[in-house]
Amino acid sequence: MPVVTLPDGSQKQFDSPVTVDEVAASIGAGLRKAALAGKVDGELVDTGFLIERDATLSIVTERDPEGLEVIRHSTAHLLAQAVKQLFPEAQVTIGPVIADGFYYDFAFARPSTPEDLAAIETRMRELVAADMPVSRRVMPRDEAVEFFRSLGEAYKAEIIQSIPAGEQISLYGQGEWVDLCRGPHVPSTGKLKAFKLMKVAGAYWRGDSRNEMLQRIYGTAWPDKKQLDAYLHRLEEAEKRDHRRIGRELDLFHFQEEAPGAVFWHPKGWTVFQSLISYMREKQTAAGFEELNTPEVLDIELWRQSGHAEKFGENMFTTKTPDERVYALKPMNCPGHVQVFRQGLRSYRDLPLRFAEFGKVHRYEPSGALHGLMRVRAFTQDDAHVFCTEEQITAESVQVTRLILDIYRDFGFEDVRIKFSDRPASRVGDDAVWDRAEAALQEAARAAGIECELNPGEGAFYGPKLEFVLRDAIGRDWQCGTLQMDFNMPGRLGATYIDEHSHKRTPVMIHRAMFGSLERFFGILIEHHAGRLPLWLAPVQAVVVTITDRQDDYARRIGESLKNQGVRVEIDLRNEKVGFKIREHTLQRVPYLLVAGDKEVQANTLAVRTRDGKDLGVHAVESLAQRLLQEISSRGRHVLED
RNA sequence: GCCGGCUUAGCACAGCUGGUAGUGCACCUGAUUUGUAAUCAGGGGGUCGGGGGUUCGAAUCCCUCAGCCGGCACCA
């Protein structure tokens with residue numbers, strides 16, 4: 001006689017075991033119709049689940065996050081069913097729910113085309129219209145393996161075989177189609193109302209590049225058409241933020257075939273790039289870093305010593321000179337910094353030594369990995385190496401962590417996470433040293449007051465690391481900063497110092513980068529701001545716009561004056577209507593448009609308009625200049641509009 | 001690197017099953033002296049990504065190389 005406790009605390013007693021569906025029906029016909037699944041004692045189950053003893057139950061509908069997951073999962077099944085109907089030779093593998101949708105991987109000899117996608121989607125809609133009930137049954141593991149083998153589903157059988165023997169396997173079926181699945185699923189295919197297949201892609205079986213490649217179909221699914229459309233709209237908006245597109249539109253940079261993965265910076269983009277460098281230079285100098293510069297092309301022998309040739313050689317550009325020497329373009333700055341450290345005799349009194357470099361590195365990245373500024377083959381790191389004693393590693397780590405977070409705040413990134421990668425299976429150095437290195441990094445993260453996510457065993461072979469991940473305006477995560485403890489390379493490259501007992505010791509080296517790659521960071525900034533860079537970074541900060549040629553002299557005079565005071569200003573004297581000029585500069589995301597007409601000339605003022613279309617009224621030229629300069633130097637923390 | 005798709009004027013794109021290129025914006029010239037997101041008119045511009053092949057004839061079909069796009073794998 002089960003007593004079912006509902007989320008509002010009310011209880012219902014039943015004379016015999018009941019299904020979730022029946023409980024929903026007993027509450028109301030509307031709820032029964034809306035029910036996608038149930039949660040019995042916290043466990044997600046089908047609406048057909050039989051409640052045999054006292055339990056708590058909540059009915060899962062499309063309004064619950066779990067309900068949306070069920071919809072997506074069931075839509076993945078629907079996709080698989082449609083594919084099997086249209087292409088019986090295709091074998092099914094897995095079809096999980098992912099952010100905003102799902103995918104399903106198929107093993108299929110013939111490549112799927114976008115036309116296939118349309119046909120599959122049409123078939124899916126037919127299956128929805130048929131409103132087929134979804135049923136569940138269980139089978140012992142070995143029987144399930146045999147069952148799928150008999151269907152010719154080798155991949156499925158392989159998956160089931162990896163489940164412990166003796167376990168019961170649940171199978172879900174709709175119409176003629178059956179799939180292995182943990183569930184739960186919607187009660188019938190008619191519940192799936194808003195979905196769209198997005199793209200086909202290749203994906204390795206079990207995520208391993210040594211395995212064969214399967215065909216993956218991505219889709220999205222939502223409770224209703226409105227939410228689906230909102231999602232598609234969101235994708236369009238994200239596309240408008242694409243830094244590759246904005247980079248071209250705003251004349252910031254370009255790429256071309258002859259230099260895959262290498263940036264041609266245009267004057268405007270380079271202006272921003274240089275602003276980033278000046279900013280970082282100021283910050284790190286204040287934090288006790290000394291800037292230096294080391295060669296980009298170094299004899300391959302040095303890279304053999306450092307271990308890069310062996311561990312990283314696949315990713316290195318090399319060059320052979322007419323004298324038959326082989327050099328490599330540096331993929332990292334650390335060996336160069338160690339060379340500077342090694343010059344002369346270092347004393348423990350010199351430590352910590354903090355060497356920083358805006359080092360341009362080259363890495364031969366796999367062609368398929370290249371992606372605008374986000375993944376390139378030639379990039380600039382704001383790289384630094386702190387050479388210190390073991391006693392100093394905690395203090396140094398804490399300081400660097402604070403600095404990184406402080407810098408991210410200046411750019412408006414408040415949502416930062418830290419990932420901690422500890423010792424990998426294959427490593428150098430003894431465990432006592434690893435203990436200290438890991439403790440130092442954890443202390444640094446703790447001092448920063450940020451929750452630390454563990455990446456077990458993901459540390460570098462020479463030491464553990466912290467990675468700083470920031471989240472942009474549209475919720476994407478980017479790994480930028482990194483802090484790595486290195487007990488290995490200084491020794492390999494012969495770096496030593498003399499300790500207080502006159503003994504030669506090997507220093508610890510801390511690798512740190514804050515932007516990570518300046519190119520990538522710039523790309524993130526563009527997308528984060530949708531091209532509307534804050535005033536201090538904007539390549540053109542203001543444009544003086546005239547209405548007729550009667551204001552030309554005035555505009556020239558003001559332009560000169562602002563320029564002399566350090567504002568990046570342009571003057572637009574073109575024989576065009578103001579509306580036309582406003583439109584163009586707004587599209588160029590110029591922060592402030594300073595309009596000069598006859599009235600403004602008369603009063604020695606300017607009419608100020610923002611790129612967002614706000615009219616800030618008329619301002620006296622001198623006070624406007626002061627306020628612009630203030631906004632620039634405060635890096636946007638006080639804006640003109642306040 | 002792997003799977004799939006794409007590559008036509010500076011940019012965005014048309015160009016059916018092969019008959020040797022077009023639209024819009026941009027650009028140039030002229031007119032217009034203009035008050036907050038597009039003034040009007042005229043004009044110039046492409047060896048259709050590179051190479052090879054099939055064909056009387058290729059932007060269009062085939063092969064190949066490169067780059068790009070979306071994923072996978074890798075990663076700052």
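Since we're looking at a predicted model, the values are computed, not measured. First the proteins, then the strands, lettered A, B, ... as listed; each starts at 1.
Defined by atom type and a distance below 3.5 Å, a donor-acceptor pair is present between the side-chain atoms of A:Y462 and A:Q484. Residues A:S517 and A:Q381 bring no donor and acceptor atom of their side chains to less than 3.5 Å of each other. With hydrogens and angles left out, the side-chain atoms of A:Y279 and A:D410 include a donor and acceptor closer than 3.5 Å. No donor-acceptor contact under 3.5 angstrom links the side chains of A:H308 and A:E310, judged on distance only. Between the side chains of A:K581 and A:T546, at least one donor-acceptor pair of N or O atoms lies under 3.5 Å.
With both pairing distances under 3.5 Å, B:A37 is matched to nothing as a Watson-Crick or G-U wobble pair. With both pairing distances under 3.5 Å, B:C6 is matched to B:G67 as a Watson-Crick or G-U wobble pair. Summarising the base pairing, B:C27 is matched to B:G43 through a Watson-Crick or G-U wobble pair whose two defining distances lie under 3.5 Å. In a base pair of the Watson-Crick type (N1 to N3 plus N6-O4 or O6-N4) or a G-U wobble (N1-O2 and O6-N3), with each distance short of 3.5 Å, B:U20 is matched with no nucleotide. In this structure, B:C72 and B:G1 make a Watson-Crick or G-U wobble pair, each of the two defining distances being under 3.5 angstrom.
Contacts of A:R363 with the nucleic acid, taken as non-hydrogen atoms under 4.0 Å apart, include base atoms. Using a 4.0 Å heavy-atom distance criterion, A:A201 is classed as a base contact. Contacts of A:V578 with the nucleic acid, taken as non-hydrogen atoms under 4.0 Å apart, involve only primed sugar atoms and P, OP1 or OP2. A:Y218 comes within 4.0 angstrom of the backbone, heavy atoms only, and of no base. No engagement by A:R574 is indicated, since no non-hydrogen atom pair under 4.0 Å with the nucleic acid exists. As judged by a 4.0 angstrom heavy-atom cut-off over every strand, A:V545 is placed among residues making no nucleic acid contact. A:Q381 comes within 4.0 angstrom of no nucleic acid atom, judged by non-hydrogen atoms across all strands. Using a 4.0 Å heavy-atom cutoff across all strands shown, A:L593 reaches no nucleic acid atom at all. Among the heavy atoms of the strands, none lies under 4.0 Å from A:A513. Contact annotation for A:F580: backbone-only contact, meaning every heavy-atom pair under 4.0 Å involves sugar-phosphate atoms and none involves a base. Among the heavy atoms of the strands lying under 4.0 Å from A:S209 are primed sugar atoms or P, OP1, OP2 only; no base atom is included. Within 4.0 Å (heavy atoms only), A:E576 reaches at least one base atom of the nucleic acid. Counting non-hydrogen atoms under 4.0 angstrom, A:K581 reaches nothing in the nucleic acid. Nucleic acid contact class of A:K577 (heavy atoms, under 4.0 Å, all strands): base.
The distance between atom CE of A:M332 and atom P of B:C75, rounded to the nearest whole Å, is 11 Å. In this structure, CD of A:E365 is placed 8 Å from C1' of B:C74, rounded to the nearest angstrom. Atom CZ of A:R248 is separated from atom P of B:C69 by 10 Å (rounded to the nearest Å). Distance A:L373 CG to B:C68 P: 13 Å, rounded to the nearest Å. Atom NZ of A:K465 and atom C1' of B:A76 are 10 Å apart (whole Å).
Applying the 4.0 Å criterion to OP1 and OP2 of B:A26, one finds that A:R583 has every side-chain N and O outside that range. For A:R216 and B:G70, the shortest distance from a side-chain N or O to OP1 or OP2 is not below 4.0 Å. Taking only side-chain nitrogens and oxygens, A:R609 comes nearer than 4.0 Å to OP1 or OP2 of B:A37. Under 4.0 angstrom from either OP1 or OP2 of B:A12 there lies no side-chain N or O belonging to A:R245. Remark: A:H371 is in phosphate contact with B:G70, judged by side-chain N or O atoms under 4.0 Å from OP1 or OP2.
B:A26 and B:G10: their P atoms are spaced 16 Å apart (whole Å). Rounded to a whole angstrom, the distance from the C1' atom of B:C65 to that of B:G71 is 23 Å. Using C1' as the reference atom, B:C48 and B:A9 are 10 Å apart when rounded to the nearest Å. For the P atoms, the distance from B:C13 to B:C75 is 34 Å, rounded to whole Å. Going from the C1' atom of B:U55 to that of B:C61 covers 10 Å, rounded to whole Å. Remark: the separation of the P atoms in B:G57 and B:G19 is 14 Å, to the nearest Å. Between B:C63 and B:A76, the two P atoms lie 38 Å apart (nearest whole Å). B:U60 and B:C6 have their P atoms separated by 14 Å, with the value rounded to a whole Å.
For B:A76, its base never sits under 3.5 Å from the side chain of A:E467 at any donor and acceptor pair. With hydrogens and angles ignored, no donor-acceptor pair closer than 3.5 Å exists between the side chain of A:D615 and the base of B:U36. You won't find any donor-acceptor pair under 3.5 Å spanning the side chain of A:E314 and the base of B:G1, going by distance alone.
Within 6.0 Å of atom CD in A:Q256, more than 12 heavy atoms from other residues, nucleotides or ligands are found, so the atom counts as buried in its surroundings. Within a 6.0 Å sphere centred on CD of A:Q602, other residues, nucleotides and ligands contribute 12 heavy atoms or fewer.
Looking at which nucleotide of RNA chain B each of A:Q256 and A:L214 is closest to, the 5′-most match is held by A:L214. Position along RNA chain B of the nearest nucleotide to A:Q479 versus A:Q215 favours A:Q215 as the more 5'-ward residue.
Taking the side chain of A:M213 as heavy atoms from C-beta on, and the options B:G70, B:C11, B:C72, the nearest nucleotide is B:C72. Each of B:A76, B:G1, B:G35 was ranked by its minimum atom distance to the side chain of A:V595; first place goes to B:G35. Closest to the A:I582 side chain, of the nucleotides B:G70, B:U36, B:C3, is B:U36. Ranking B:A12, B:G1, B:U33 by closeness to the A:P366 side chain, first place goes to B:G1. Taking only side-chain atoms of A:L370, from C-beta outward, the nucleotide of B:G70, B:C11, B:C68 with the closest atom is B:C68.
A ring pair (Phe, Tyr, Trp, His ring centres under 6.0 Å) with A:F515 is found for one member of A:W478, A:F411, A:F413, A:F522 and no other, namely A:F411. Tested against A:Y104, the residues A:F108, A:F102, A:F106 include a single ring pair (Phe, Tyr, Trp, His ring centres under 6.0 Å) partner, A:F106.
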Quick one: do A:N315 and A:E365 satisfy side chain to side chain donor-acceptor pair (under 3.5 Å)? Show the steps, please.
CA-CA 6 Å; A:N315 290 291; A:E365 297 292 336; over 6 Å; no
Test side chain to side chain donor-acceptor pair (under 3.5 Å) on A:K330 and A:T294; report intermediate values, then the result.
CA-CA 10 Å; A:K330 65 175 174 185; A:T294 62; 3.2 Å; yes
So if I define the base as every atom that isn't primed, P, OP1 or OP2, how would nucleotides 47-52 of chain B read as a B/S/- string at a heavy-atom cutoff under 4.0 Å?
------
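The aromatic ring of A:Y204 is not stacked on the base of B:A73, since the criterion of ring centres less than 5.5 Å apart with planes inclined by under 30° is not met.
In this structure, the side chain to side chain contact (heavy atoms under 4.5 Å, CB included) partners of A:S209, at least two apart in sequence or on a different chain, are A:Y204.
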